[in-house]
There are 2 protein chains.
Amino acid sequence: MNDVVKIEQPAKKPAKPRGRPLAFNQEEALDKALKVFWARGYEAASMSELTEALGINKPSIYAAFGNKEELFRKVLARYTSGPVAFVKEAMKEPTARQVAERFLLQVVDFFSDRSTPNGCMIVQAALTGGQGSSAVQQELIAYRKSFEASFNERFELAKSQGDLPQHVNTKQLAKYIATIHQGMSVQATSGATREELRAIVEMALKNWPVGS
Amino acid sequence: MNDVVKIEQPAKKPAKPRGRPLAFNQEEALDKALKVFWARGYEAASMSELTEALGINKPSIYAAFGNKEELFRKVLARYTSGPVAFVKEAMKEPTARQVAERFLLQVVDFFSDRSTPNGCMIVQAALTGGQGSSAVQQELIAYRKSFEASFNERFELAKSQGDLPQHVNTKQLAKYIATIHQGMSVQATSGATREELRAIVEMALKNWPVGS
DNA sequence: TTATTTATTTACCAATCGGTACATATATTA
DNA sequence: TAATATATGTACCGATTGGTAAATAAATAA
């Protein structure tokens, strides 16, 4: 991509910016863009909607974030490291069963949080345009797969610890959890309540694999 | 809607059509449109894509089917009475458990059928545009709810027949089945295989409610 | 044949899409 | 002060969106 060798800077204090300063806070702007993409999906969210939501004119958005696709990538990074950071926390639970339960219950709260759009942005945004479409769609599919893979890894660890029986197919179990997550996201966007989602989680976990 | 009293026709043989005949078969055209909407979603499918897929010029499409929204409604009706007719068949199974199992297993075959787009068109098409958007979105949400309601009815019948325990919340059970269905649709559009979907169904049904 | 009815073709419409050229405003540096 | 660098606002770009006017083609009815 870039052959230029980066010179190691002596970690000086950040130089004062030259030129006219930004009239908006970049992180706040990303949060506003996040809500638009989250509620509308990637393709359905238009630059006009975004400029209005951010309160910034288009050229400023393009200057600060690149184009729509790059803006979405930055928003996506903010989404995964911000609102969705609880996923990594859930992985730390001592048993696989507790990991799954904590994850799904936090998902319920997350999906039914009234201060944010309902459902999962990644599930929401990926559905538009279906099969082999844009680069963003492909990336979102890849993201969902890596999400599934991290559950698989956690469950394999659980198996090695004797926490899950040896006969359990951890990939299938991970895919099952992901399916419940995605299904609940659809439910949430259609207006399912917190109580309804909790009941789904209860049913989904009733049969957690035990014994041989 | 319409105050005109329809005169009872003596059921004559259909009069010969006047004017130039249609150069295409309407049902075949709807099937082609179905595949486009199914693969791409409602909003992402453009009229240009549709004209190309149908092999018909735009004015002919508008003359035959109204506008894009009406075309989608006709396609939707064809979808529910055609490819998705197996749902009603599954309802006829003797027990609630068999209804759920047959439904989900048929969904697996349906989603992984290589001759059609993956996943469920209604789940796929509804996700774009999220919350309180177009009339089509609202209709699709309503459709999904009616779908859930028909499972609820079937499960209530099962309860009255002693086939399901009295303590079962049939609405929650119906919502659970719908969630699995929707989650698997997302999985199918991301490339899940038939075997993977089957494993999900197995896990989802392992804990079917029995006893008190 | 001629009139009437309906379908198809071509060529277009205004609105919106993502994206940008350019002049102007506001900051630091010299 | 002037020079330089960056951000903003206005006003626009070509492409595409859903949708249509109008001329022509192909059928039946008289």
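Per chain, numbering begins at 1; letters A, B, ... match sequence-line order.
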- Would B:Asn152 and B:Thr170 count as having a side-chain donor-acceptor pair, cut-off 3.5 Å?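 B:Asn152 vs B:Thr170: donor-acceptor pair found between side chains.
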Which part of the nucleic acid, if any, lies within reach of [X] when heavy atoms closer than 4.0 Å are counted: base, sugar-phosphate only, or nothing?
X       : value
B:Pro21 : sugar-phosphate
A:Ala23 : sugar-phosphate
A:Asn57 : base

- Message: Need to verify one output field. Residue with the more 5' nearest nucleotide on DNA chain D, B:Lys68 or B:Arg20?
- Response: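 Comparing both residues, the 5'-ward one is B:Lys68.
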- Task: Let me know, please, whether B:Arg18 or B:Glu49 comes out on the 5' side of the other along DNA chain D by nearest nucleotide.
- Result: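 Its nearest nucleotide lies further toward 5', so the answer is B:Glu49.
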- Message: Both distances below 3.5 Å, Watson-Crick or wobble geometry, any strand: find the nucleotide opposite D:dA30.
- Response: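 Partner of D:dA30: C:dT1.
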- Query: What are the two closest heavy atoms between A:Leu54 and A:Ala33, and how far apart are they?
  - Reply: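 In terms of heavy atoms, the two residues are closest at CD2-N, 3.4 Å.
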- D:dT16 phosphate, OP1 or OP2, under 4.0 Å from B:Ser48 side-chain N/O: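 No, no such contact exists.
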- Please figure out whether B:Pro59 or B:Leu22 has its closest DNA chain C nucleotide nearer the 5' end.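 Upstream on the strand: B:Leu22.
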Between [N] atom [atom2] and [X] atom [atom1], what is the distance in whole Å?
X       : N      : atom1 : atom2 : result
A:Tyr62 : D:dT10 : OH    : C1'   : 16 Å
A:Phe65 : D:dT8  : CZ    : C1'   : 14 Å
B:Met47 : C:dT16 : CE    : C1'   : 17 Å

Just compare [options] and give me whichever is closest to any side-chain atom of [X].
X       : options               : result
A:Phe24 : C:dT29, D:dT8, C:dA7  : D:dT8
B:Ser60 : C:dT5, C:dT20, C:dT9  : C:dT9
B:Ser46 : D:dT17, C:dT5, C:dC17 : D:dT17

- Apply the test salt bridge (charged side-chain N to carboxylate O under 4.0 Å, His left out) to residues A:Arg194 and A:Asp113: give CA-CA distance (whole Å), side-chain angles for both, the deciding distance (0.1 Å), then the verdict. CA-CA 9 Å; A:Arg194 186 167 301 211; A:Asp113 184 342; 5.7 Å; no
- Item | Within 45° cone of B:Tyr42 ring axis and under 6.0 Å: B:Lys68 NZ or CZ |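 The answer is yes; both the distance and angle limits are met.
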